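What follows is a set of notes on a single structure, which appears directly below.
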Amino acid sequence: MRMVVYQAMLANPTNIARARAARRDIQAIGGDLVEDPPNKVGMTLLTLYLPERYQPDHFLPGIPFYPI
């Protein structure tokens, strides 16, 4: 299964919490969500690994993930 990698840099705690809450659903389809610690200015990098047939909006609509 081919995986596509996406990233988002977030500061909004609500969006970070939404991403954490979706982690189990993402892992259930064979993907993963990795959260880096916040940087000096409070931005958190999220890296999302999804099977190619899925898009970030399936799990986290409205959060700006970009393919890398």
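In this text, all values refer to a predicted model and were calculated from it rather than measured experimentally.
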Please output the side-chain donor-acceptor pairs of residues 55-68 that fall under 3.5 Å, not counting sequence neighbours, one pair per line with the distance.
unit_1, atom_1, unit_2, atom_2, d
His58, ND1, Gln55, N, 2.7
His58, ND1, Gln55, O, 3.1

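Taking CD of Glu35 as the start and CG of Leu46 as the end, the distance is 5.5 Å to the nearest 0.5 Å. The distance from atom CG of Asn39 to atom OG1 of Thr44, rounded to the nearest 0.5 Å, is 7.5 Å. In this structure, CZ in Arg20 is found 11.5 Å from CG in Asn15, a value given to the nearest 0.5 Å.
In this structure, Leu50 is not a member of the same hydrophobic cluster as Val5, with clusters built from ILVMFWY side-chain heavy atoms closer than 4.5 Å. Follow the hydrophobic side-chain contacts under 4.5 Å out from Met9 and you never reach Leu33; the two are in separate clusters. There is no path of hydrophobic side-chain contacts, each under 4.5 Å, that joins Leu10 to Val41.
Here ring pair (Phe, Tyr, Trp, His ring centres under 6.0 Å) pairs that include residues 5-40, with residues two or more places apart or in two chains, number zero. Pairs of residues two or more places apart, or lying in two chains, that qualify as salt bridge (Lys or Arg N to Asp or Glu O under 4.0 Å) and include a residue from residues 41-56 are Arg2-Glu52.
Shortest non-hydrogen contact noted between Ile26 and Asp32 is CG2-N, 3.4 Å. Between Ala11 and Met43, the shortest heavy-atom contact is CB-SD, 3.4 Å.
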